[in-house]
Amino acid sequence: MEHNLGQESGPGADKSRVLNVKPLRTLVPVFPSPSNPSSSSTPQGGAPFVCVSPAGPFPSGVAPFYPFFVSPESQRLSEQHAPNATPQRATPISTAVPINSFKTPIAATNGDVGSSRKNKGSRGGQLTGEDGYDNEVIDLEDGTGDGSSKQRKKRGRAKRASGAGTAGSGASAVTIEVDLDAVANDILQTINPMVFDVINHPDGSRDSVSFTLMIYEVLRRKLGQIEESTKDANSGAKRPDLKAGTVMMTKGVRSNSKKRIGIVPGVDVGDIFYFRFEMCLVGLHSPSMAGIDYLGSKASQEEEPLAVSIVSSGGYEDNTDDGDVLIYSGQGGVNRDKGASDQKLERGNLALEKSMHRGNDVRVIRGLKDVMHPTGKVYVYDGMYRIQDSWVEKAKSGFNVFKYKLVRVQGQPAAYTIWKSVQQWTDKSVPRTGVILPDLTSGGEKVPVCLVNDVDNEKGPAYFTYIPTLKNPRPVAPLESSAGCSCIGGCQPGNFNCPCIQKNGGYLPYSAAGLVADLKSVIHECGPSCQCPPTCRSRVSQGGLKFRLEVFRTNNKGWGLRSWDAIRAGTFICEYAGEVIDNARAEMLFAENDDEYIFDSTRIYQQLEVFPADIEAPKIPSPLYITAKNEGNVARFMNHSCSPNVLWRPIVRDNKNESDLHIAFFAIRHIPPMMELTYDYGTNLPLKAGQRKKKCLCGSVRCRGYFC
DNA sequence: CTATATCAGAGGTAT
DNA sequence: ACCTCTGATATAGGT
């Protein structure tokens with residue numbers, strides 16, 4: 001909540017006390033106090049914020065865009081305290097449904113469940129009917145326009161699973177059939193139809209790309225969650241990434257489906273991806289595996305193939321020493337059965353050759369190892385490169401390999417070089433410049449959080465004490481039984497006897513990679529009463545910081561928060577630490593208008609309405625107010641944005657006969673390193689006594705103009 | 001923890 | 001039909 005220039009130094013804040021010395025876990029100064037008061041923040045005297053007229057909440061020229069955002073009226077959080085109110089939604093599929101809800105209807109056991117291909121003649125890519133569910137029709141264009149080219153084998157997708165049902169369905173083993181296509185269809189049915197209009201626009205947009213990726217993530221995680229909880233012992237490798245991707249392709253839920261040379265609308269240089277399919281779905285790079293994407297001789301008006309994009313991710317002996325130059329290896333020369341051979345000037349190799357001669361630049365994606373997830377990769381879109389040279393050389397194998405020298409086009413935003421810089425800071429070969437404090441947590445977290453200013457002369461935020469966790473977790477009446485679980489080795493997917501899994505609708509709340517499976521209104525974690533170890537997958541938010549964050553000086557928003565490490569969508573980042581206060585104290589602080597660090601769970605916030613069911617989220621058991629003015633963690637530095645990349649969710653943890661309530665922040669999109677972390681502060685209308693609207697400086701095209 | 005093995009895959013191009 | 005700088009899991013090796 002450092003959004004306002006110098007606002008962190010309130011009226012009572014003595015400038016000389018900025019960064020006072022305090023014991024462990026307290027902000028410690030490493031420099032003398034500024035002697036020149038002019039470098040200090042603006043004093044509190046005048047109105048620090050531009051107040052927006054109540055008549056015009058949106059800046060002129062920017063119309064409210066309700067199809068994708070929930071209108072403030074419809075999103076107002078209920079402030080009634082209904083402790084046990086977690087009504088089942090009437091939507092076709094709620095965010096969490098016990099698996100037996102997905103039992104394939106008898107009508108759908110025709111061996112082609114969920115596939116729209118065979119039904120193309122009558123229904124094309126419509127999202128309904130095939131699964132036997134009688135859902136409202138959402139008419140989707142089938143982006144392929146060709147339903148018969150692929151006749152895939154349809155194996156019965158039914159899975160067997162043994163184990164007790166969810167609470168109330170008894171403990172007898174049941175055979176559960178799960179049709180993932182039907183599940184996927186149900187999820188797609190819950191999407192706001194207007195979202196598809198944006199996605200299907202022939203020219204992509206940031207929204208189109210963003211929505212596509214959000215839907216893909218929801219599908220992928222949900223399918224993975226279901227699959228892991230229903231798989232039997234000897235089931236083979238599962239690929240929810242492919243399954244979700246196929247569904248999206250089949251239904252035409254993709255952006256920029258027309259392949260093109262040059263930039264891709266809606267995809268920014270520096271954007272990151274965690275699956276090849278993501279790049280495929282947004283039109284950045286089509287092949288699901290191959291490294292070179294090109295227009296065939298038919299597709300390009302010319303008689304020759306032309307390259308459009310390449311992925312360099314370690315499969316060949318590429319050279320990436322220079323951040324702006326890439327020596328890329330051609331494709332081919334390796335065959336599982338026949339062994340190594342010379343590469344030929346065909347396919348992608350030929351296309352790159354032709355593109356070089358015609359001077360057509362190509363998109364470059366660099367695949368890197370994901371340090372947070374060593375088994376996985378992260379793909380960085382590094383923008384346009386010019387093919388400057390090509391030659392043939394002998395690889396280590398002794399066979400000929402094509403090589404292409406690509407040079408990055410000037411004038412593009414930094415992307416891969418940011419990753420290189422972070423790497424250099426990490427291995428200490430180059431120092432991070434502008435560091436004021438190497439670790440403002442003073443060891444309070446497992447990873448240091450540095451304080452950086454390479455913008456102006458501000459020496460640091462106002463004094464506060466760093467605490468890593470919420471001080472007085474607010475006990476709430478347990479929604480159900482508060483008895484913890486007895487999963488000695490940690491809660492396991494598919495164990496429907498685990499009470500914690502039952503509370504999450506039959507699933508673990510987090511994937512094996514630690515991502516939230518879905519952003520349901522309340523996430524139930526294991527708590528002190530549970531017997532599972534701290535490594536339990538249901539304790540993700542209790543592990544402290546994982547990312548190397550830094551508090552940095554923004555250009556115009558005071559201090560902000562960002563990460564050296566890339567953050568994958570769905571990842572827990574931190575909780576909101578501070579001091580829990582009651583309603584009366586919160587009202588008082590609001591009235592004094594002197595606390596910029598109040599977390600207020602009752603604020604209305606604007607949220608992407610991709611899944612309208614999210615309108616009601618988050619349902620918090622009771623209002624929660626936290627002040628982080630005097631004590632807090634990194635969350636207090638997160639600024640507001642009307643197009644945020646972070647979202648909060650309430651976490652409930654069992655603790656004897658009560659439950660502890662925490663606020664956890666999750667990434668809602670992939671966040672490249674060094675990009676500011678922001679969430680939607682929301683609005684509090686009508687304003688509480690003494691409260692003022694604050695001018696929003698997020699710069700988003702959707703900026704509401706204010707927050708409060 | 002890092003490296004290697006295994007293998008079922010997907011869309012796209014070419015045949 | 002053929003190709004391919006995947007990705008999850010398993011196993012072996014190293015520190």
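Lettering of chains follows the sequences in order, A, B, ..., and the numbering in each one begins at 1.
- Pairing for dC5(C) is absent, judged as Watson-Crick or G-U wobble with the two contacts each under 3.5 Å.
- The side chain of V311(A) lies closest to dT6(C) when the candidates are dT6(C), dT2(B), dA8(C).
- Considering only side-chain atoms of R347(A), the nucleotide from dC3(C), dG9(B), dC5(C) that sits closest is dC3(C).
- Here K344(A) does not reach the OP1 or OP2 of dC3(C): none of its side-chain N or O atoms lies under 4.0 Å away.
- Atoms NZ (K251(A)) and C1' (dG11(B)) sit 17 Å apart, rounded to a whole Å.
- Separating the CG atom of L295(A) from the P atom of dG11(B) is a distance of 19 Å, rounded to the nearest angstrom.
- Residue-level contact check: G348(A) touches neither bases nor backbone, having no heavy atom under 4.0 Å from any strand.
- Evaluation of Y328(A) against the base of dC5(C) yields a stacking contact (centre distance < 5.5 Å, interplanar angle < 30°).
- Taking only side-chain nitrogens and oxygens, R239(A) never comes nearer than 4.0 Å to OP1 or OP2 of dG7(C).
- Here the nucleotide nearest the side chain of R276(A), chosen from dG11(B), dG12(B), dG7(C), is dG7(C).
- In this structure, the side chain of D293(A) engages the main chain of S286(A) through a donor-acceptor pair within 3.5 Å.
- Looking at which nucleotide of DNA chain B each of A290(A) and K369(A) is closest to, the 5′-most match is held by K369(A).
- Summarising the base pairing, dT15(C) is matched to no nucleotide, lacking a Watson-Crick or G-U wobble pair whose two defining distances lie under 3.5 Å.
- We find that CD of E346(A) is positioned 9 Å from P of dT15(B), with the value rounded to whole Å.
- Remark: S288(A) is not in phosphate contact with dT4(C), judged by side-chain N or O atoms under 4.0 Å from OP1 or OP2.
- Within 3.5 Å, no donor on the side chain of N335(A) pairs with an acceptor on the base of dC3(C), nor the reverse.
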Next on the checklist: Show, in sequence, the C-alpha distance, side-chain angles and deciding distance for D271(A) and R206(A), and conclude whether the salt bridge (charged side-chain N to carboxylate O under 4.0 Å, His left out) test is met.
Outcome noted: CA-CA 11 Å; D271(A) 279 355; R206(A) 196 66 180 153; 2.6 Å; yes

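- When the nearest nucleotides of DNA chain C are assigned to T375(A) and S313(A) by heavy-atom distance, the more 5′-ward of the two goes with S313(A).
- Under a 3.5 Å cut-off, the side chain of R539(A) and the backbone N or O of P533(A) do form a donor-acceptor pair.
- No more than 12 heavy atoms of other residues, nucleotides or ligands lie within 6.0 Å of NZ in K354(A), so this atom counts as exposed by the packing criterion.
- Each of dG7(C), dC5(C), dG12(B) was ranked by its minimum atom distance to the side chain of Y379(A); first place goes to dG7(C).
- At whole-Å resolution of the value, CD in Q343(A) and C1' in dC3(C) are 13 Å apart.
- In this entry the distance linking CG of L326(A) with C1' of dC5(C) reads 11 Å, nearest Å.
- Distance, Q331(A) CD to dG11(B) P: 18 Å, rounded to whole Å.
- Listed nucleotides: dG11(B), dG7(C), dT6(C). Nearest to the side chain of D241(A): dG7(C).
- With hydrogens and angles left out, the side-chain atoms of Q423(A) and K420(A) include no donor and acceptor closer than 3.5 Å.
- Here Y294(A) lies in heavy-atom contact (under 4.0 Å) with sugar-phosphate atoms only.
- With the nearest nucleotide of DNA chain B identified for both L242(A) and D293(A), L242(A) has the one nearer the 5' end.
- A donor-acceptor pair is defined here as one N or O able to donate and one able to accept, closer than 3.5 Å; no such pair exists between the side chain of K222(A) and the backbone of A517(A).
- Residue K377(A) places at least one side-chain N or O under 4.0 Å from the OP1 or OP2 atom of dT6(C).
- Atom OH of Y274(A) is separated from atom P of dT6(C) by 16 Å (rounded to the nearest Å).
- Within 4.0 Å of G367(A), counting heavy atoms only, lies no atom of the nucleic acid at all.
- A side-chain donor-acceptor contact under 3.5 Å links R276(A) to the backbone of P287(A).
- In this structure, the CE atom of M279(A) is 14 Å from the P atom of dG12(B), given to the nearest Å.
- Two residues, R220(A) and G291(A), neighbour DNA chain C, and the one matched to the more 5' nucleotide by heavy-atom proximity is G291(A).
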